[in-house]
Amino acid sequence: MSGLRTDLYELRMAASYLRRGMTEPATFSLFVRRLPPQRGFLVAAGLAEALAFLESFAFDDDELGYLRDVVGLDPPTLAALAGLRFTGDVWAVPEGRAVFADEPLLEVTAPIAEAQLVETGVLNLITFHTTVASKAARCRLAAGDAQLIDFAFRRTHGIEAGAGVARASAIAGFAATSHVEAARHYGLRPSGTMAHSYVEAFTDERAAFRAFAADFPVNPIFLVDTYDTPAGVRAAVDVISELGLTGPVAVRLDSGDLAALARQARAILDEAGLWQAQIVASGSLDEDVIAALVAQGAPIDAYGVGTRMGVSYDAPSLDSAYKLVSVGDRPVLKLSPGKATLPGPKQVFRDPAGASGDVIGLRNEPSVAGREPLLVPVMRGGRRLEAADPAGELRAAQDRFHADLAWLPDAARRLADPVPLAATVSPALAALHDRVAAQLGRGGTY
């Protein structure tokens, strides 16, 4: 992984540390300061990608030449960077777990230059994947028993983002993805129908449907709204009967009044004896549109959700931060208004019964009675503690997501005006904050 995938100020700070022989371990904490509007919780995601980034972080000869010729780094600094690899430890909240404001999702402890250099990449990956997984979770809440399919790839913000969206949405309960390579890599179910261009390429809908079903007789899905939706459904029915298709079949609605059209389609299918045929809806869907369709009793079996989930349309990023909390044995903090931080490596303690909010404490303090610690060690000495297993990691994250979704209180799960759980600070962490602030000549009680 290119060492230049960082911001220039990270390189300059790291170079300054190296020139001064500052090699002591430092801990940085990654957290979200506040949740976006209409988010009652976040879904932790992106850890697998972040760990892969850390394991492969390095500078090659061409990159070092650029740092010499353009950035102006001196030979001793370049020599230090040439041999630099990430050798630190990482504690993190496992993917799929629900998290809230101010709670560390991940903490990095490494020689300070290493920990500084990886800030940009780690922050990017955790922020992006958590943003998308949290949006996808709201779609999952809205859809009830219906299946969800990731249709986002064509409009995600970049090719690499498309695979990330497929994975993040799968963590949050999406059943399939249109992204073929993501399906292959992560062991997901690929799903695809046809485009309007396919229908238009034939002389009429029946010819298009007949050709498609002949070529793909297993679970064909007919796009029926190119011209007239009820007529398109009838054309699909005729082709299903003509070809004697006995396996799973479906029709897809992509425009118009989806609730009314779904009811019409259901009636036509049932009248033809196709009670098992499914109805798939797509077209500018998000959790609010899906919830409205469910509330209207629309007989829709699956939703293809694309752009608005893939770019987290209403909240496209998070107020995330990666902040220094200790250098060597010295805890540090910020007191900036609106951006204050808590010192020291941390742990989050959760009540499995959900009777109260989480407690943010110090990593080395005893577990709060009756609570479970959320952060676990995932990397030591720059190497993952468990071998990479894309499909297995995803399945485990899905299990955690479904368990935490059931654990969340109703107020946090609400789509409209949710109320997140508020984390409190342990007495030990509050005392450390006050002590460090006092040493800086800034009094006050946390």
Side-chain angles (χ1 to χ4, degrees), residues 36 38-50 94-99 124-193 280-291 300-318 390-405 408 413 415:
Q38 303 308 318
R39 295 292 185 275
F41 62 96
L42 300 176
V43 177
L47 178 60
E49 286 76 8
E95 292 184 288
R97 302 225 61 173
V99 292
N124 176 287
L125 291 165
I126 297 295
T127 301
F128 170 68
H129 286 261
T130 299
T131 298
V132 173
S134 303
K135 179 70 170 179
R138 288 171 56 80
C139 296
R140 181 64 274 163
L141 284 169
D145 294 331
Q147 289 196 341
L148 294 170
I149 307 166
D150 160 39
F151 277 6
F153 186 24
R154 61 181 51 206
R155 294 198 183 95
T156 57
H157 292 164
I159 293 288
E160 292 181 357
V165 168
R167 185 179 186 278
S169 62
I171 288 175
F174 276 52
T177 178
S178 66
H179 192 316
V180 181
E181 169 55 18
R184 182 194 69 83
H185 185 71
Y186 295 117
L188 304 174
R189 176 164 65 87
S191 179
T193 62
V280 179
S282 59
S284 300
L285 300 182
D286 63 11
E287 66 270 37
D288 296 325
V289 176
I290 293 170
I300 296 172
D301 301 289
Y303 296 92
V305 189
T307 304
R308 295 189 180 186
M309 182 275 294
V311 302
S312 189
Y313 193 77
D314 64 318
S317 189
L318 299 172
E393 291 165 349
L394 182 54
R395 287 193 298 271
Q398 291 169 330
D399 291 343
R400 288 187 288 264
F401 168 76
H402 289 297
D404 272 13
L405 199 64
L408 283 165
R413 291 161 51 101
L415 297 181

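Values reported hereafter were calculated over all heavy atoms of this structure, with side chains retained and with hydrogens, waters and symmetry mates removed.
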Quick check: does any side chain N or O of Arg400 sit under 3.5 Å from a backbone N or O of Glu95, one acting as donor and the other as acceptor?
-> yes
Flag, side chain of Ser312 to backbone of Val132, donor-acceptor distance under 3.5 Å = no
Taking all heavy atoms of Ala137 and all of Ala172, pick out the closest pair and write down the distance.
-> N-CB, 3.6 Å
Distance-minimising heavy-atom pair for Leu408 and Ala98 | CD2-CB, 4.1 Å
Ser191 side chain to Thr177 backbone, donor-acceptor under 3.5 Å | no
Test item: Arg140 and Phe401 side chains (from C-beta on) under 4.5 Å apart, heavy atoms | yes
With Arg395, which residues qualify under side-chain contact (heavy atoms from CB on, under 4.5 Å), at least two apart?
-> Ala391, Gln398
Contact check, side chains of Asp150 and Leu188, non-hydrogen atoms, under 4.5 Å = no
Can you check whether Val311 reaches Pro316 side chain to side chain, under 4.5 Å on heavy atoms?
-> no
Of all heavy-atom pairs linking Val305 and Cys139, the shortest is CG1-SG, 4.2 Å
ring-ring contact (aromatic ring centres under 6.0 Å, His included) pairs, two or more places apart, involving residues 147-183 = Phe153-His179
Arg39/Asp314 ion pair, N-O < 4.0 Å = yes
CG of Leu394 to CG of Asp399: how many Å apart, nearest 0.5 Å?
-> 9.5 Å
Heavy-atom side-chain contact between Pro94 and Leu47 under 4.5 Å = no
Can you tell me if CD on Glu160 sees more than 12 non-hydrogen neighbours from other groups inside 6.0 Å?
-> no
Side-chain contact, heavy-atom cut-off 4.5 Å: Pro36 with Leu318?
-> yes
The ring pair (Phe, Tyr, Trp, His ring centres under 6.0 Å) partners of His129 (sequence neighbours excluded) come to none
Note: Asp286-Arg138 ion pair, threshold 4.0 Å (strictly below) = no
Charged N to carboxylate O below 4.0 Å: is that the case for Glu287 and Lys135?
-> yes
Specify the closest pair of heavy atoms between Leu148 and Ala143, including all atoms of both residues, with the distance to one decimal.
-> CD2-CB, 3.8 Å
In Å, rounded to the nearest 0.5 Å, how long is the span from OH of Tyr186 to CD1 of Ile171?
-> 9.0 Å
Do you know the tightest heavy-atom contact between Ala152 and Gly306?
-> CB-O, 3.5 Å
Quick one: does Leu405's side chain get under 4.5 Å of Leu141's, heavy atoms only?
-> yes
Contact check, side chains of Val165 and Met309, non-hydrogen atoms, under 4.5 Å = yes
Thr193 vs Val280, side-chain contact (heavy atoms from CB on, under 4.5 Å): CA-CA, chis, key distance, verdict | CA-CA 10 Å; Thr193 62; Val280 179; 5.8 Å; no
In short, Thr131 meets Thr127 closest at the heavy-atom pair OG1-O, 2.6 Å
